[in-house]
Amino acid sequence: MFVADNAKGIPIDEESHKLKMSVKLRTEYGPVLHMPTLKETREKAQLAIGDAYEHYTTNQGLDSEYMITGTHPYPSGPGLALTADTQIQRMPSESAAQSLALALPPSQSRLDAQRTAASVGDIYRQAGIPERSQPPGLSMASMESGGTKASALLAKKAPTMPKPQWHPPWKLYRVISGHLGWVRCIAVEPGNQWFVTGSADRTIKIWDLASGKLKLSLTGHISTVRGVIVSARSPYLFSCGEDKQVKCWDLEYNKVIRHYHGHLSAVYGLDLHPTIDVLVTCSRDSTARIWDIRTKAGVHTLVGHTNAVATVRCQAAEPQIITGSHDTTIRLWDMVGGKTRVTLTNHKKSVRAVVLHPRQYTFASGSPDNIKQWKFPDGNFIQNLSGHNAIINTLAVNSDGVLVSGADNGTMHLWDWRTGYNFQRIHAAVQPGSLDSESGIFACTFDQSESRLITAEADKTIKVYREDDTAVCVNLFLK
């Protein structure tokens, strides 16, 4: 075992190798040895193999300019006869060879090519010659023809990752305290002057976006506030909570002016339709409901999910309503008929977050197994974004193609939307005095200018992030 050459192979004996190859030829290629070969093939064969092949090639009765052709790459066999017309003919021209190739059924030619390639590989293996004599970047690609050229040497393109767009990293620049419980939801008003948060302390608070100062507190819910949204069409704020209530607040008087009754359990989320006065809510009672904002009437109850509906999103184009549920499915709804258009069952775990791209006709869904991207209107799968191994509570995306996923364990991942490249991971420290276990992100959103990212967290704080203006792209791959 200590000999230096113990791993080297035994040197091949010339005579025995030639004998072995001649036996191989007769055994495996006996049926086709009588066929004439082209001149260049014959020269190569004489150099490569030896006496037996020499004997075969030099005793041919036909000139090398001729070749047996026909409608089959091999000579006549059972059930296939070559006629006088097709038995011997001149070498066909290039165009004739192509037409001959097309005449062959593709499946047959592929089988023949595979059979030949396998036999040649066996001979090489038995002879101790390395099978891959070509460089690794090249591969033998069989042409779908049974004619003169059975294979062509093509460069196989190595799989390449699409080049992601460079995004500057985001950094924490403000922490806002004031809530006395988990901050569960967040929304920015259309004018970008202030934003609103809802909390487990049962209050809704309105904050100045520029300074982070508290402007107003609204009380009225008797349990955790799970969703808030500000209307772009009227001076109204809508909220929902675990007390089964859905409220409409008039921001000119800071009072509740409407209640929407109907859900049988906690209401987990809500969204406003961008073009018509309709509110959509989703609940732990496995339904989503469409409400007429003005009359408070229920337009439709969207039934189909078999577990709590965790998130709902609206858009002007079809499908106008998208829901994600703890039954692991995503449903795209026909709002006019109140019925499911498409059910997406790709996720294996609860879907707690759905986000629509502001410019593209696509959306993303977040689940502990994966973040998945989809194409409207039929929910065609685009790609998986893997790596955020946690319970994903929230997703946000901006026009620049930055997708943010926030998780139960306090981690936040930032992705390039187009390529799915994870360009930054953030785990902000909890507020002093909080336990490490209180690290969790329940909601996140970009402001209207998309230059600020606001997160609602389990340590009772609101954290505001912005892009790092001093960052420069140093990675040539991302330039």
Side-chain angles (χ1 to χ4, degrees), residues 160-176 183 186 188 195 209 212 311 351-360 362-374 382-431 434 436 438-459 461-479:
T160 55
M161 180 187 168
K163 192 160 80 172
Q165 180 190 343
W166 184 77
H167 302 283
W170 291 70
K171 62 181 183 181
L172 177 67
Y173 86 101
R174 177 174 290 150
V175 179
I176 302 169
V183 188
I186 195 161
V188 180
F195 67 94
L209 186 61
T311 181
V351 180
R352 294 168 187 251
V354 167
V355 68
L356 314 183
H357 194 284
R359 290 186 182 167
Q360 299 174 16
T362 55
F363 73 103
S365 58
S367 171
D369 58 359
N370 260 324
I371 298 166
K372 294 180 189 287
Q373 287 178 341
W374 315 85
I382 301 172
Q383 66 179 348
N384 274 327
L385 279 62
S386 302
H388 202 171
N389 301 317
I391 296 169
I392 294 168
N393 287 323
T394 177
L395 292 172
V397 64
N398 67 10
S399 304
D400 208 24
V402 177
L403 173 68
V404 181
S405 57
D408 234 18
N409 60 0
T411 60
M412 191 162 67
H413 286 204
L414 286 84
W415 314 79
D416 177 48
W417 179 274
R418 186 177 61 86
T419 60
Y421 175 70
N422 180 204
F423 68 88
Q424 191 182 1
R425 298 181 178 192
I426 302 170
H427 192 168
V430 295
Q431 187 182 29
S434 299
D436 285 340
E438 288 185 299
S439 177
I441 299 171
F442 292 118
C444 68
T445 187
F446 288 98
D447 72 348
Q448 303 298 339
S449 70
E450 299 185 334
S451 61
R452 301 287 181 271
L453 172 65
I454 310 166
T455 64
E457 311 217 355
D459 62 359
T461 65
I462 300 140
K463 294 187 173 76
V464 188
Y465 295 81
R466 66 179 170 200
E467 288 181 336
D468 188 350
D469 300 330
T470 61
V472 290
C473 178
V474 292
N475 190 342
L476 296 175
F477 171 67
L478 294 174
K479 268 188 178 174

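Worth knowing before you read on, the calculation uses all heavy atoms, side chains too, and leaves out hydrogens, waters and symmetry mates. From a predicted model like this one, the values you see are computed outputs, not experimental measurements.
- Side-chain contact annotation: Asn384 with Ser386, donor-acceptor N/O pair under 3.5 Å absent.
- Considering every non-hydrogen atom in both Ile371 and Ala364, the closest pair reads CG2-CB, 4.5 Å.
- Closest heavy-atom contact between Gly420 and Gln383: N-NE2, 3.6 Å.
- Taking every heavy atom of both residues into account, Asn398 and Trp170 meet most closely at ND2-CZ2, 4.2 Å.
- Surrounding CZ of Arg359 are at most 12 heavy atoms belonging to other residues, nucleotides or ligands under 6.0 Å away.
- Closest heavy-atom contact between Leu172 and Val464: CD1-O, 3.5 Å.
- The CD1 atom of Ile392 lies 7.0 Å from the OG atom of Ser367; values are rounded to the nearest 0.5 Å.
- Pro162 approaches Arg418 most closely through the heavy-atom pair CB-NH1, 4.2 Å.
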Practice item. Given side chain to side chain contact (heavy atoms under 4.5 Å, CB included), test Asp408 with Phe442 step by step and report yes or no. Key: CA-CA 7 Å; Asp408 234 18; Phe442 292 118; 4.0 Å; yes

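- Considering only residues two or more places apart in sequence or on other chains, Lys372 meets the salt bridge (charged side-chain N to carboxylate O under 4.0 Å, His left out) condition with none of them.
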Review point. Ile391 and Arg352: side chain to side chain contact (heavy atoms under 4.5 Å, CB included), yes or no, with the steps?
Key: CA-CA 8 Å; Ile391 296 169; Arg352 294 168 187 251; 3.3 Å; yes

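- Residues Val430 and Asp436 come closest through the heavy atom pair CG2-OD1, 4.0 Å.
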Point to revise | Worked verdict on Met412 versus Val404 for side chain to side chain contact (heavy atoms under 4.5 Å, CB included) | key: CA-CA 7 Å; Met412 191 162 67; Val404 181; 3.5 Å; yes

Exercise for review: Check step by step if side chain to side chain contact (heavy atoms under 4.5 Å, CB included) holds for Val183 and Glu457.
Suggested key: CA-CA 5 Å; Val183 188; Glu457 311 217 355; over 6 Å; no

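- Contacts of His413 classified as ring-ring contact (aromatic ring centres under 6.0 Å, His included), with partners at least two apart in sequence or in another chain: His388, Trp415.
- Put simply, the residue from Asn370, Thr419, Leu403 that forms a side-chain contact (heavy atoms from CB on, under 4.5 Å) with Leu385 is Leu403.
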